[in-house]
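First comes the structure, then the notes that go with it.
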Amino acid sequence: MREDMIEHNRESMIALLQETGREGIDCLVEWLDKETDYFTAPASSRPGYHGCHEGGLAEHSLNVYTLFEQKVRQFNLDVKPDEIVIASLLHDACKIGQYQPNVLKSGALSEAKPYVIEDDFPLGHGEKSVYVVSQHFALTQTEVLLMRWHMGPFDEAWEQWEPRVGKACPSVYAFHDADMEASKYLDVRG
Ligand SMILES: [Fe+2]
Ligand SMILES: [Fe+2]
């Protein structure tokens, strides 16, 4: 059942990305699909946290897309349809390759801590998402700002930068809310 869901989400995400028609999108999709764990990675390492299971990152990313797309329409925000897709689906690209299965000697996955974080490039959270994707695809300024600042007040630099970020990209508040609402209300726990 989980495999069906993972494949369904993979196909949905690839279709959304390709529908943007953006230059270089095929290369980005090819990289994500063939060289990363983007469609199978969890979204967190602790049971009870959002998306702590295979495919959790993809589920979360799609939920953020659904919520942010609604908010852009509701509040008439200045974000293009392709930017909604790119920013939503890739805001947590920093998690690619970051969670390693915590396999016990018995061969089973640890129930207490199913994944361990291995981050050999600790650039930050949103910062790393921007960097990782930019290695393969040209992001717009709106996408960069949304992805970089999606943690909002949970980012230590937010207080200092918020006046400028909020002015340059007012939709960042809705994007942060979409991320929070997805993780609290929509993503499958555990
Ligand atoms: Fe995040
Ligand atoms: Fe997120």
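One is the number of the first residue; the rest follow in order along the sequence. Ligands are counted one by one from 1 in listed order, and the atoms in each one are counted from 1 as well. Because the structure is a prediction, the values reported are computed rather than measured.
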For the Fe ion (ligand 1): protein N/O/S atoms at distances below 2.8 Å: 3
NZ/NE/NH1/NH2 to OD/OE distance under 4.0 Å, Arg2 and Glu54: no
No-hydrogen, no-angle side-chain donor-acceptor test under 3.5 Å, His150 and Asp92: yes
CD-CD distance between Gln98 and Gln100, expressed to the nearest 0.5 angstrom: 9.5 Å
Close side-chain approach of Glu127 to Arg148, heavy-atom, < 4.5 Å: yes
His50-Glu59 side chain donor-acceptor pair, cut-off 3.5 Å: no
Note: Lys167-Glu162 ion pair, threshold 4.0 Å (strictly below): no
Residue His60 atom name (nearest to the Fe ion (ligand 2); N/O/S): NE2
